[in-house]
Protein chains: 2
Amino acid sequence: MSDRKSRSSATGQVTLQDVALHLGISAITVSRALKTPQRVSETLRARIMSAVTELGYRPNHAARSLASARSDSVLVLVPSLSNEVFVDTLSGIHEVLIPRGYQALIGNTHYSPQEEEKQLGVFLGHNPDGILLTGLDHTPRVRQWLADCGVPVVYMMEIDDARDSRCVGLSQFDAGQVITRYLVGKGYRRIAYVAAQVDPRTLKRAEGYRAALREAGCYEAGREIWVPTPSSIGLGASLLDRLLKEQPDCDAVFCCNDDLAQGMLFQCQRRKVAVPGQLAICGFNDLAASAWTNPPITTIATPRYAIGREAAQMLLSAIDGDMPPAKLDLGFSLVERLSA
Amino acid sequence: MSDRKSRSSATGQVTLQDVALHLGISAITVSRALKTPQRVSETLRARIMSAVTELGYRPNHAARSLASARSDSVLVLVPSLSNEVFVDTLSGIHEVLIPRGYQALIGNTHYSPQEEEKQLGVFLGHNPDGILLTGLDHTPRVRQWLADCGVPVVYMMEIDDARDSRCVGLSQFDAGQVITRYLVGKGYRRIAYVAAQVDPRTLKRAEGYRAALREAGCYEAGREIWVPTPSSIGLGASLLDRLLKEQPDCDAVFCCNDDLAQGMLFQCQRRKVAVPGQLAICGFNDLAASAWTNPPITTIATPRYAIGREAAQMLLSAIDGDMPPAKLDLGFSLVERLSA
DNA sequence: TTGTAAGCGTTATCAC
DNA sequence: GTGATAACGCTTACAA
């Protein structure tokens, strides 16, 4: 009868209380019927369920999160949404999270640790049950927050042997080394490395590149081109011009990613530079388009779907039982095509 | 002195109460110092601010949302995250939302109205202050929920003159008609339309295509190829094969998007089909790569950043004051390049 | 300018 | 198996 309990006024939303009142039972029972059906008698449960649909009840996430200190959501921070690599990683993550009833809260850090810190600050207020981070390099404050908040974290994309943390990825160093060795094996000797959007992973690929050239006895310091701007096909095209000007004797180039490699290839076509005849080109990541250009691009295929899936899996295990930290190396594979 | 008030036990989180107790003041004052600084004396505000940083207080979103019935978050539902178009739209949205203190909750509907309904059901529980939806076609239940929940909605990508709703986009029909007229103007007469990932917008572009051909007196029903699978470069390549087999006399093709056009172009290169000599190709959306292929691709540039920005802007206005529904047509432009 | 009281919608805890 | 009660952390009233 009490009027003030009949309807939540503010939002016009149907509450648990409304459903309970409608059936003459208490709110907690409705809650149980939804969360732990086996704890409610079958007949009552049926009545509750139909009332729920009839009244159009939809749970209030904020209230649930506040009362239970869980949010059924997982924070995912990636450096970019325009990079196919991270979009694919996100698909893998969703594939695991959604069926288990979790929501992904997606944040874009734009390759900036400071931006990452800002995003983490905001999203931590959403009480995520778990956190998925890209890479191993984070600001001190981020590390502090992560340590303090007690929320499980899995790091994606790279493998770190040192720290006592969970991570799923591959050795960026090894991958850079393998593809450079491949070029050396093909007989190329004056091999350039071209990188844009400098980040910890392009740095490690560069180290792999250097190691491979050193072991082959053909390392030259001046063969690297670094630009800090975001990577793109257009940038690849202009870097081909720069490469040809600065290193006219160069016979092969390892691009830190496939966008750059595609742009270089397109520009070679424009400038009538034969690929791989005059210049061999290889990339990194095996983006979808790289199999279709002419010639198709030799590259390193990275298991990003799998990284997303396995990282999400590992995170959920960490959330449920207290599974101890583990490292998962998903490797990579050399995709030999015709550009190098 | 009261022990139970000193620390929120469950989460180990620092609360407003903790900060207040630390300073010997009341929680509401701390709240005010953070939300409406001008309502707190300068000296006290300074003390509060330093205590906040010292203790590492971070607001609890769930509690705030529950108490205030606002969430400072906006739900954004897009059909795909692997399509550059929607990624760009999201950037535009972020550009407006973030500086105004809003968070975007991103949902991927995978081009499915049912999936959209599911996502909306879940995300509505997060009490978004506003909603940004893609397209004008939604399930009856979605329309019902949107009408009931009283949250402002802006529809993106298309323009609807009929309904009393807010939308920001362009006329997909007109764009399809303009590019087809362009082909006709260039002298092509046996023009095919190829579409993948059938959605309301590719349907409308097709109608524009038909209208243009009818007015030129060269419409033929059999010149359309439709496949329901997701669009990709690889699919474009295989559809080129199919086109050449089924319509060997075809002299130009309008692809419903640039992915398909790029794939067709690459496959033409493989098969030594001259573009545009033997077959003219044009696409839709002007994706980044289309300017760099050889030949570069003639296409329709869609203002997707601007759509995101303006839609977010319109939504925020709707959230703040009760700005009346409006339509915003951002148009499109024909980008003439060398493929057609 | 500051504080008190109540309540947002849900769940944990402890009774019955 | 079901219910009463008290939180969860914050903000909207309304006082002082």
Side-chain angles (χ1 to χ4, degrees), chain A residues 2-48 52 55-72 124-127, chain B residues 2-48 52 55 57-72 124-127 129:
Chain A
S2 116
D3 200 71
R4 53 174 264 279
K5 289 223 150 192
S6 64
R7 264 263 169 183
S8 83
S9 48
T11 55
Q13 201 183 129
V14 178
T15 72
L16 225 38
Q17 188 67 248
D18 295 326
V19 178
L21 251 34
H22 180 84
L23 294 170
I25 61 178
S26 89
I28 186 67
T29 306
V30 181
S31 172
R32 278 197 277 255
L34 294 169
K35 293 288 154 196
T36 50
Q38 70 279 11
R39 304 182 142 279
V40 174
S41 75
E42 214 164 325
T43 46
L44 186 49
R45 185 176 22 175
R47 289 180 55 216
I48 291 175
V52 160
L55 299 182
Y57 168 77
R58 211 172 312 99
N60 181 318
H61 184 263
R64 203 175 111 58
S65 167
L66 186 58
S68 67
R70 5 180 26 258
S71 63
D72 287 341
L124 239 27
H126 283 70
N127 297 318
Chain B
S2 114
D3 201 73
R4 54 173 264 278
K5 288 224 149 194
S6 65
R7 264 261 169 187
S8 83
S9 48
T11 55
Q13 200 186 127
V14 178
T15 72
L16 223 42
Q17 188 67 248
D18 295 326
V19 178
L21 251 33
H22 179 85
L23 294 170
I25 60 177
S26 88
I28 185 65
T29 306
V30 181
S31 171
R32 279 198 276 253
L34 295 170
K35 292 288 155 196
T36 49
Q38 70 279 12
R39 305 183 140 278
V40 173
S41 73
E42 212 163 327
T43 47
L44 186 50
R45 184 177 22 177
R47 288 179 57 215
I48 291 175
V52 160
L55 299 182
Y57 167 76
R58 211 171 313 99
N60 180 317
H61 184 264
R64 203 176 110 58
S65 166
L66 186 58
S68 66
R70 7 181 22 259
S71 63
D72 287 341
L124 239 27
H126 283 70
N127 297 318
D129 297 340

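Throughout, protein chains are lettered first and strands after them, A, B, ... in sequence-line order, and every chain is numbered starting at 1. Since the model is a prediction, treat every value here as computed from it, not as a measurement.
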Could you tell me which residues satisfy side chain to side chain donor-acceptor pair (under 3.5 Å) with B/Arg39, sequence neighbours excluded, listed by chain and number? none
When all nucleic acid strands are considered with a 4.0 Å heavy-atom cut-off, which category describes B/Ser26: base, sugar-phosphate, or nothing? base
B/Asn127 CG - C/dG9 P separation (whole Å): 9 Å
At what distance, to the nearest 0.5 angstrom, does CD of A/Gln38 lie from CZ of A/Arg45? 8.0 Å
Partners meeting salt bridge (Lys or Arg N to Asp or Glu O under 4.0 Å) with B/Arg64 (sequence neighbours left out): B/Asp72
Nucleotide C/dT2, atom C1' - distance to CG of B/Leu23 in whole Å: 14 Å
Distance (rounded to the nearest 0.5 Å) between A/Leu16 CG and A/Leu21 CG: 11.0 Å
Would you please confirm or rule out a distance under 4.0 Å between OP1 or OP2 of C/dG3 and any side-chain N or O of B/Thr29? yes
For a side chain to side chain contact (heavy atoms under 4.5 Å, CB included) check, start with the C-alpha distance between B/Val19 and B/Ile25, then their side-chain angles and the critical distance, and finish with the verdict. CA-CA 9 Å; B/Val19 178; B/Ile25 60 177; over 6 Å; no
Estimate the overall bend of the helix from C/dT1-D/dA16 to C/dC16-D/dG1 from the end axes over five pairs each, rounded to 10 degrees. 30°
Selected nucleotide, minimal atom distance to A/Leu66 side chain, candidates D/dC8, D/dG3, C/dG3: D/dC8
Under the side chain to side chain contact (heavy atoms under 4.5 Å, CB included) test, residues paired with A/Ala63 that sit two or more places apart: A/Asn60, B/Leu66
What string of B, S and - do you get for nucleotides 10-16 of chain C, 5' to 3', when a contact is any protein heavy atom under 4.0 Å? BSB----
Does a side-chain N or O from B/Ser65 land closer than 4.0 Å to OP1 or OP2 of D/dC10, or not? no
Just list the side-chain donor-acceptor pairs under 3.5 Å for residues 27-35 of chain B, sequence neighbours left out, or say none.
none

Who passes side chain to side chain donor-acceptor pair (under 3.5 Å) against A/Ser65, sequence neighbours left out? none
Could you check how far CG of A/Leu34 sits from C1' of C/dG9, rounded to whole Å? 13 Å
Residues in ring pair (Phe, Tyr, Trp, His ring centres under 6.0 Å) with A/His61, at least two apart? B/His126
Expressed in angstrom and rounded to an integer, what is the separation of A/Gln38 atom CD from D/dG1 atom C1'? 12 Å
